[in-house]
Amino acid sequence: MRFAMRTIAQFWWYDLLLPRLGFGRAAARGRADRLTALAHRFHLLAVGLGGLMIKVGQFLSSRLDVLPPQITDELAGLQDEVPPADFPAIRRLAEAELGMPLERAFAAFDEIPVAAASLGQAHRATLAPAGAADAGFADVIVKVQRPDIEQIVAIDLAALRRVARWLDRMRAIRDHVDLPALVEEFARTSRNEIDYLHEAANAERFAEDFDRDPCVRTPRIAWERTTRRVLTLSDVTAIKVNDVAGLRAAGIDPAAVATRFAGVMFTQLFEHGYFHADPHPGNVFVTPGDDASAWRLTFVDFGMMGEVDDELRNGLRRLMIAVAARDGQRLVDSIREVGVLLPSADTTELEKAMAQVFARFGGMGFAQLREVDPREFRDFAEEFGSVVRSLPFQLPESFLLVIRSMSLTSGVCSALNPAFNIWEAVEPFAAQLLRAESGNAARALAGEALDVAAAAVRLPQRFDALVTRIEQGRVTVSTPAVDRRLGHLERLVRRAVSAVLFAGLLVGGALLLPANAPLGIVLMSVSAVPFAHAVLAGRFGRID
């Protein structure tokens with residue numbers, strides 16, 4: 001809370017007050033360094049506090065739609081690795097959840113964790129003979145929540161909600177991002193991550209999707225030793241997917257791993273519609289087989305999963321229709337329909353940017369796009385980044401998980417094979433998706449053509465009705481943009497009047513001070529009211 005208050009005070013001083021006093025250029029010069037320092041301080045705070053704060057940093061690092069790159073770049077390296085909890089506390093929690101001593105539930109239980117995160121930690125163990133017979137395996141990994149993590153999460157979420165309400169009262173932020181909704185989205189994801197029954201169900205669903213694929217493996221769940229706070233699953237640890245030296249020592253080609261890994265990830269996204277949203281190297285292993293070509297990819301940790309639902313599919317279809325028509329305005333309208341843009345967005349600049357993209361890259365295939373100078377892509381990315389961050393642009397969680405999953409996939413594949421080309425991996429899946437949607441797109445375009453024809457038929461009748469209303473003096477014109485301009489002008493006039501009052505009261509008080517000190521002090525004190533209005537009006541909803 002103290003960190004948030006200091007950050008809000010800094011924002012108010014540099015981004016609101018100084019520009020009002022005419023020092024906007026000076027404040028803007030150091031903005032990048034201030035944002036980087038702010039993100040670094042939060043990085044240290046998150047590691048020190050633990051709990052949800054590390055998750056908050058990781059969540060914010062993916063919000064390229066609402067945060068500048070100075071913040072997202074600094075937080076991108078925030079790892080969920082913290083000191084392990086004391087084993088006696090872990091033992092007490094696990095025994096309370098399982099309803100029996102660890103010695104009865106397991107034949108062996110390693111007190112030193114193989115991994116420790118902010119919400120829980122994992123230990124190697126061996127099931128007791130009876131449990132092993134029921135499960136069909138003996139060697140397991142036992143994930144145990146940190147003691148009191150539910151109360152810590154509740155406190156962290158309460159603090160985040162309060163900070164979001166503070167920030168939401170500032171118009172400059174409220175018009176750009178719906179912070180309370182963002183916090184609730186994060187809260188929903190966090191509650192799922194501390195429910196191990198939810199994670200176990202995710203693991204089984206993922207396993208069913210790849211049941212017939214011999215190249216993909218998942219751990220099996222020991223349900224008799226699994227509760228909401230303890231998760232027991234078969235030990236499938238092997239070579240980390242990014243361990244190039246280990247892969248080569250096992251006779252496995254890292255470039256082949258990159259190709260297969262990308263294919264499996266795109267299969268999840270485009271075919272199954274259910275995908276692993278956190279495929280970082282610690283969650284993906286390569287399991288060697290009987291020979292060098294029989295290796296498999298093994299996925300673990302299913303706490304964060306993404307799903308392409310019907311609404312997202314329909315939104316993507318509308319986007320494809322707009323892209324097929326190279327219609328920037330229609331594309332922006334479809335983005336607004338799926339909830340990416342808040343209602344207050346003025347999309348003029350975004351439409352111009354989309355028009356430039358269609359003019360430069362429209363109609364290009366993947367092969368042609370690969371030949372475009374990367375510097376040109378970077379320039380376009382920088383331009384779009386500034387346009388997007390200037391708008392109340394907020395990606396739904398489903399979009400964010402897709403972006404997170406694909407960015408992690410690209411990073412892992414590039415580490416395995418520096419020459420890896422993501423376009424080659426995605427091209428067959430994209431072509432398949434376009435073929436599947438082509439019928440829907442054609443029908444939608446035909447429907448729009450019929451709408452246009454119907455409107456043309458009705459046009460003479462509507463024009464005649466308009467002329468009649470003009471003759472009767474019943475025509476009214478709504479001009480939201482002009483109204484906004486007039487409102488802004490009216491606020492400027494009121495602030496100018498306040499500035500004049502401030503100057504008059506201040507000068508008058510100063511002149512009266514030698515002759516009538518009490519009255520002079522009163523006038524100079526009262527001048528603070530019009531000064532506050534002149535400086536702050538328009539920034540906070542309740543002042544203006």
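The shown structure was predicted, so the numbers you read here are calculated from the model rather than taken from an experiment.
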With a 4.5 Å heavy-atom cut-off, do [X] and [Y] have their side chains touching?
{"X": "Leu102", "Y": "Glu95", "answer": "yes"}
{"X": "Val140", "Y": "Thr126", "answer": "no"}
{"X": "Val286", "Y": "Phe261", "answer": "no"}
{"X": "Thr287", "Y": "Trp295", "answer": "no"}
{"X": "Val216", "Y": "Asp213", "answer": "yes"}
{"X": "Thr218", "Y": "Glu204", "answer": "no"}
{"X": "Leu408", "Y": "Asp278", "answer": "yes"}
{"X": "Ser405", "Y": "Leu269", "answer": "no"}

Donor-acceptor contact below 3.5 Å, side chain [X] vs main chain [Y]:
{"X": "Asp243", "Y": "Gly246", "result": "yes"}
{"X": "Gln268", "Y": "His276", "result": "yes"}
{"X": "Ser414", "Y": "Ser410", "result": "yes"}

| field | Centroid-centroid under 6.0 Å between His123 and Phe87 rings | value | yes
| query | Are Phe206 and His272 near enough that their ring centres are under 6.0 Å apart? | reply | no
| field | Asn202 vs Tyr274, side-chain contact (heavy atoms from CB on, under 4.5 Å): CA-CA, chis, key distance, verdict | value | CA-CA 10 Å; Asn202 289 344; Tyr274 186 71; 3.0 Å; yes
| Which is it for Val230 and Gln145 under the side-chain contact (heavy atoms from CB on, under 4.5 Å) test, yes or no, and what are the steps along the way? | CA-CA 7 Å; Val230 174; Gln145 282 186 10; over 6 Å; no
Say you draw a straight line from [atom1] of [X] to [atom2] of [Y]; how long is it, rounded to the nearest 0.5 Å?
{"X": "Ile239", "Y": "Phe285", "atom1": "CD1", "atom2": "CZ", "result": "10.5 Å"}
{"X": "Ile71", "Y": "His43", "atom1": "CD1", "atom2": "NE2", "result": "14.0 Å"}
{"X": "Leu233", "Y": "Ile221", "atom1": "CG", "atom2": "CD1", "result": "5.0 Å"}
{"X": "Met305", "Y": "Thr189", "atom1": "CE", "atom2": "OG1", "result": "13.0 Å"}
{"X": "His280", "Y": "Lys240", "atom1": "NE2", "atom2": "NZ", "result": "8.5 Å"}
{"X": "Arg2", "Y": "Leu45", "atom1": "CZ", "atom2": "CG", "result": "9.5 Å"}

Would you say [X] has more than 12 foreign heavy atoms packed within less than 6.0 Å of its [atom1]?
{"X": "Leu44", "atom1": "CG", "value": "yes"}
{"X": "Arg41", "atom1": "CZ", "value": "yes"}
{"X": "Glu224", "atom1": "CD", "value": "no"}
{"X": "Arg104", "atom1": "CZ", "value": "no"}

Are [X] and [Y] within salt-bridge range, i.e. N to O under 4.0 Å?
{"X": "Glu97", "Y": "Arg225", "answer": "no"}
{"X": "Asp15", "Y": "Arg31", "answer": "yes"}
{"X": "Arg188", "Y": "Glu184", "answer": "no"}

Can you see which heavy atom on [X] is nearest to which on [Y], and at what distance?
{"X": "Val183", "Y": "Ala164", "value": "CG2-CB, 3.7 Å"}
{"X": "Val244", "Y": "Ala415", "value": "CG2-O, 4.1 Å"}
{"X": "Leu127", "Y": "Ala135", "value": "CD1-CB, 3.9 Å"}
{"X": "Ala116", "Y": "Pro84", "value": "CB-CA, 3.8 Å"}
{"X": "Ala125", "Y": "Phe106", "value": "CB-CD2, 3.9 Å"}
{"X": "Arg220", "Y": "Gly136", "value": "NH1-O, 4.0 Å"}

| Should Val144 and Arg229 be marked as a side-chain contact (heavy atoms from CB on, under 4.5 Å) after you check the CA-CA gap, both sets of side-chain angles, and the distance that decides it? | CA-CA 6 Å; Val144 184; Arg229 304 178 68 187; over 6 Å; no
| Charged tip of Arg217 within 45° of Phe299 ring normal and under 6.0 Å | no
| message | salt bridge (charged side-chain N to carboxylate O under 4.0 Å, His left out), that's the test. Do Glu150 and Arg228 meet it? Break it down for me. | response | CA-CA 11 Å; Glu150 291 184 345; Arg228 197 169 60 86; 2.6 Å; yes
| query | Do Ser118 and Arg146 have side-chain atoms, one donor and one acceptor, less than 3.5 Å apart? | reply | no
| said: Any donor-acceptor pair under 3.5 Å linking the side-chain atoms of Thr226 with those of Thr232? | reply: no
| said: Go through it in stages, so that I can follow the logic: the residues are Val241 and Thr298, the test is side-chain contact (heavy atoms from CB on, under 4.5 Å), and I'd like the CA-CA distance, side-chain angles, deciding distance and then a yes or no. | reply: CA-CA 9 Å; Val241 70; Thr298 303; over 6 Å; no
| field | side-chain contact (heavy atoms from CB on, under 4.5 Å) partners for Ser190, two or more places apart | value | Leu52, Phe186
